Q: 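Once you've had a glance at the structure underneath, I'll fire off some questions.
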Amino acid sequence: MFNTVALHKLSPLLMAPRPKPSRFRHLTETTWQSVAKKAKTMTTDSSLKDCFGKYADYLNDLNDKRERVVKASRDITMNSKKVIFQVHRIGKTNKDEVLEKAEKDLRAVRDQYVLRLVKELCGTDFWKLRRAYSPGVQEYVEAATFCKFCRTGTLLNLDEINATFLPLSDPSIEPFQINILDYLLGLADLTGELMRLAISRISDGELEFAEKICRFVRDIHRELTLVVPDMDDSYDMKTKMETMLQSVMKIENACFSVHVRGSEYIPLLGSSDPSYSLMGAPEIDL
């Protein structure tokens, strides 16, 4: 009786269908696939994190370098302005002394501040940082060309400036060179300084020097008028061309006024130089 009842209770369990081997295989494969997918996802996330970490380090280094380049550019600008102020002290009797001091200061700017800029930019894609160092380079071009004109009456060209930068660079890497746009922008600023120099020379009675400056500035403006319309990145240049034209007109008006109304030009009437002539005529005895 007992055995019959026990067998009757166990019969449903004994008669239940056994799981098929294919189902176990399917469950096993699904489990391993999910594990492999999870491992692959973790690996991909790690590689992306490393990749973006490298990008972040690159951008941080670039931003730090840009800050150093901006600081070097400010130092070049400040000290180049001092050279320009030194040249403006030129007079009839102290030309050589003033220019020697200005040229010495200009060499100091190049050997100290430009050298620091070159060390930051050499061996890198320095064109990416052009906006950071362009103001200092333009001011240096202005000071260098200003000194050259006052010394020889000629223009310091781009190749001559870049040649002075070659000793500052490592010969094994690409040297730092000023591009044509920064050179032209600095040349445009030069005309403003020449206008101030011309006015001061007229006040000291050096009309011939002022007229020489007038012809030089007029030639620069005429040549750049032909070049600027064909320049791609010429917004800054077009703005400076308007200022350059104003400088040319100021010099021309000053020279014209002296020639037309020379008898009313008070500093010349009291000239003590017996060899000095006003408009080609000897001094008038009053």
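Computed from a predicted structure; not experimentally measured.
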Q: What heavy-atom pair brings Ala132 and Val69 nearest, and what distance separates the two atoms?
A: CB-CG1, 3.8 Å
Q: Restricting to non-hydrogen atoms, name the atom on Pro229 and the atom on Leu224 that form the minimum distance, rounded to 0.1 Å.
A: CD-O, 4.4 Å
Q: Following the transitive rule for hydrophobic clusters with a side-chain heavy-atom cut-off under 4.5 Å over Ile, Leu, Val, Met, Phe, Trp and Tyr, establish whether Leu129 and Tyr58 coincide in one cluster.
A: yes
Q: Enumerate the residue pairs fulfilling side-chain hydrogen bond (donor to acceptor under 3.5 Å, both in side chains) with a member in residues 210-224, sequence neighbours excluded, ordered by first and then second residue.
A: Glu211-His259, Arg218-Glu252, Asp219-Arg222
Q: Could you tell me whether Asp57 and Lys54 have a side-chain N and a carboxylate O separated by less than 4.0 Å?
A: no
Q: Hey, does the side chain of Ser134 reach the backbone of Arg131 with a donor-acceptor pair shorter than 3.5 angstrom?
A: no
Q: Quick check against the 3.5 Å criterion: does Thr152 have a side-chain atom that pairs as donor or acceptor with the backbone of Lys148?
A: yes
Q: Less than 3.5 Å apart, which donor and acceptor atoms pair up between the side chains of residues 109-119 and the rest of the protein, not counting sequence neighbours?
A:
unit_1: Arg116; atom_1: NH2; unit_2: Asp75; atom_2: OD2; d: 2.1

Q: Taking the basic N atoms (NZ, or NE/NH1/NH2) and the acidic carboxylate oxygens, is any pair closer than 4.0 Å for Arg66 and Asp61?
A: no
Q: Looking only at heavy atoms, what is the nearest atom pair of Leu158 and Ile178, with distance?
A: CD1-O, 3.6 Å
Q: List for me each residue that meets ring-ring contact (aromatic ring centres under 6.0 Å, His included) alongside Phe209, sequence neighbours excluded, and say none if there are none.
A: none
Q: Mind checking whether Arg151 and Cys147 have side chains closer than 4.5 Å, heavy atoms only?
A: no
Q: With a sphere of 6.0 Å drawn around CD of Glu97, does it hold more than 12 non-hydrogen atoms of other residues, nucleotides or ligands?
A: no
Q: Over all heavy atoms of both residues, which pair between Gly136 and Ile76 is shortest? Give the atoms and the distance, please.
A: O-CG2, 3.3 Å
Q: Kindly work out whether a path of hydrophobic side-chain contacts (I/L/V/M/F/W/Y, heavy atoms less than 4.5 Å apart) joins Leu185 to Leu245.
A: no
Q: Who are the salt bridge (charged side-chain N to carboxylate O under 4.0 Å, His left out) partners of Glu139, not counting sequence neighbours?
A: Lys81
Q: When clusters are formed by joining ILVMFWY residues with side-chain heavy atoms under 4.5 Å apart, either directly or through shared neighbours, do Ile180 and Met241 land in the same one?
A: yes
Q: Can you tell me how far CG of Leu187 sits from CD1 of Ile220, rounded to the nearest 0.5 angstrom?
A: 4.5 Å
Q: Measure the CD1-CD1 distance between Ile213 and Ile251 for me, rounded to the nearest 0.5 Å.
A: 6.5 Å
Q: Of Val141, Leu190, Val83, which meets side chain to side chain contact (heavy atoms under 4.5 Å, CB included) against Phe146?
A: Leu190
Q: Can you check whether Asn79 reaches Tyr140 side chain to side chain, under 4.5 Å on heavy atoms?
A: no
Q: CZ of Arg196 to NE2 of His88: how many Å apart, nearest 0.5 Å?
A: 6.5 Å
Q: Run through Leu207, Ile202, Ile199 and flag the one making a side chain to side chain contact (heavy atoms under 4.5 Å, CB included) with Cys255.
A: Ile202
Q: Could you work out, with ring-ring contact (aromatic ring centres under 6.0 Å, His included) as the rule, every residue matching Phe149, not counting sequence neighbours?
A: Phe216
Q: So which atom in Gly91 and which in Arg201 form the shortest heavy-atom distance, rounded to 0.1 Å?
A: CA-NH1, 3.8 Å
Q: State, with a plain yes or no, whether a side-chain heavy atom of Thr191 is found less than 4.5 Å away from one of Val248.
A: no
Q: Looking at side-chain heavy atoms only, is the closest gap between Glu120 and Lys71 below 4.5 Å?
A: no
Q: When you look at CE of Met78, are more than 12 heavy atoms from neighbouring residues, nucleotides or ligands closer to it than 6.0 Å?
A: yes
Q: Kindly compute the distance separating CG (Asp189) from CD1 (Ile84), expressed to the nearest 0.5 Å.
A: 8.5 Å
Q: Just checking Arg74: does its CZ atom have more than 12 heavy atoms from other residues, nucleotides or ligands closer to it than 6.0 angstrom?
A: no
Q: Val258 and Met249: same hydrophobic cluster, using ILVMFWY side-chain contacts below 4.5 Å?
A: no
Q: Taking atom CZ of Arg89 and atom CG of Asn94, what is their separation to the nearest 0.5 Å?
A: 10.5 Å
Q: Report the residue from Leu181, Leu121, Val137 that forms a side chain to side chain contact (heavy atoms under 4.5 Å, CB included) with Arg130.
A: Leu181
Q: Identify the heavy atoms of Cys150 and Lys95 that sit nearest to each other, and give their distance.
A: O-CE, 3.1 Å
Q: With a 4.0 Å cut-off on N to O distance, would you call Asp105 and Lys101 a salt bridge?
A: yes
Q: What residues, two or more places apart in sequence or in another chain, satisfy ring-ring contact (aromatic ring centres under 6.0 Å, His included) together with Phe176?
A: Phe126, Tyr133
Q: Once you round to the nearest 0.5 Å, how far does CE of Met195 lie from CE of Met244?
A: 12.0 Å
